[in-house]
Amino acid sequence: MKYVFADFPLESIHKFAFKAAEAAKCAGEQGKFWEMHDRLFTNQEALEPAKPHAEAVGLDVAKFEGCLNAGKYAEEIRKEIDEGAKAGVTGTPLFFLAYTDPKSTKVKTVARLSGAQPYAAFKAQIDKLLTEPPKPEPTEKPKAEPTAKPK
């Protein structure tokens with residue numbers, strides 16, 4: 001199984017969400033992505049300024065602020081938002097459970113878990129996927145050649 005994390009900051013709900021996503025990625029450059037993520041999530045009402053959060057998780061503040069002020073990850077996060085929207089994401093958290101096609105790089109989503117779910121919900125879905133083999137993709141039937149109309 002593979003875990004993929006994508007940013008999907010909900011700016012319509014929280015005006016500092018996008019900058020918080022950038023801050024976590026900048027902290028990641030110093031190996032502190034999850035520490036910053038968790039701190040910002042816990043302190044959602046006090047995200048600005050970012051400097052005290054950087055200090056609290058033990059970052060080199062000058063490097064962190066240089067990354068954040070440059071908007072180094074802004075384009076990447078915008079792409080993740082666009083990709084999420086194309087996949088039908090409208091909120092977080094949202095989890096896709098999927099199979100990878102062994103013959104290609106395609107991934108087939110077979111289940112979605114939306115919202116905060118208990119461990120049991122994940123376990124039930126994953127156990128189900130592990131016991132049921134993936135359903136093959138339907139193959140396209142060749143189109144019949146048109147026949148001439150009788151005269």
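This is a predicted model, so every value here is computed, not measured. Note: hydrogens, waters and symmetry copies are ignored here, and every other heavy atom, side chains too, is used.
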Working for salt bridge (Lys or Arg N to Asp or Glu O under 4.0 Å), residues Lys79 and Glu83: CA-CA 6 Å; Lys79 285 181 183 177; Glu83 288 173 11; over 6 Å; no
side-chain contact (heavy atoms from CB on, under 4.5 Å) assessment of Leu47 paired with His14: CA-CA 10 Å; Leu47 296 177; His14 201 300; 3.4 Å; yes
Test log, rule side-chain contact (heavy atoms from CB on, under 4.5 Å), inputs Thr92 and Leu10: CA-CA 8 Å; Thr92 61; Leu10 301 171; 3.8 Å; yes
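Residue Tyr119 is found outside any hydrophobic cluster, as its side-chain heavy atoms come under 4.5 Å of no other Ile, Leu, Val, Met, Phe, Trp or Tyr.
The two residues Phe8 and Gly91 have their closest heavy-atom pair at CE2-N, 4.3 Å. Closest heavy-atom contact between Gly88 and Arg112: O-NH2, 3.6 Å. Considering every non-hydrogen atom in both Leu68 and Cys26, the closest pair reads N-SG, 3.5 Å. Shown here for Ala21 and Pro9, the closest heavy-atom pair between the two residues is CB-CG, 4.2 Å.
Between Phe41 and His37, the angle of the ring planes stays under 30°, which puts this pair in the parallel group of the 30/60° scheme.
At least one side-chain heavy atom of Phe96 sits less than 4.5 Å from a side-chain heavy atom of Val89. Between Ile81 and Asp7 the shortest side-chain heavy-atom distance does not fall below 4.5 Å. The shortest side-chain heavy-atom distance between Thr109 and Leu97 does not fall under the 4.5 Å cut-off. Looking at Phe95 and Gln117, their side chains never come closer than 4.5 Å, going by heavy atoms from C-beta outward. A heavy-atom distance below 4.5 Å is not found between the side chains of Thr100 and Lys106.
For Arg78, the side-chain hydrogen bond (donor to acceptor under 3.5 Å, both in side chains) partners are Glu11, not counting sequence neighbours. Residues forming a side chain to side chain contact (heavy atoms under 4.5 Å, CB included) with Glu76 (at least two apart in sequence, or on another chain): Lys25, Tyr73, Glu80. By the side-chain hydrogen bond (donor to acceptor under 3.5 Å, both in side chains) test, Lys32 is found to be paired with no residue, residues two or more places apart in sequence or in another chain being considered.
Every pair passing side-chain hydrogen bond (donor to acceptor under 3.5 Å, both in side chains) that includes a residue from residues 46-65 is listed here, sequence neighbours excluded: Arg39-His53. Counting only residues at least two apart or in different chains, salt bridge (Lys or Arg N to Asp or Glu O under 4.0 Å) contacts with residues 14-23 comprise Lys19-Glu22.
Here Trp34 contributes atom CH2 and Met36 contributes atom CE; the two are 14.0 Å apart, rounded to the nearest 0.5 Å.
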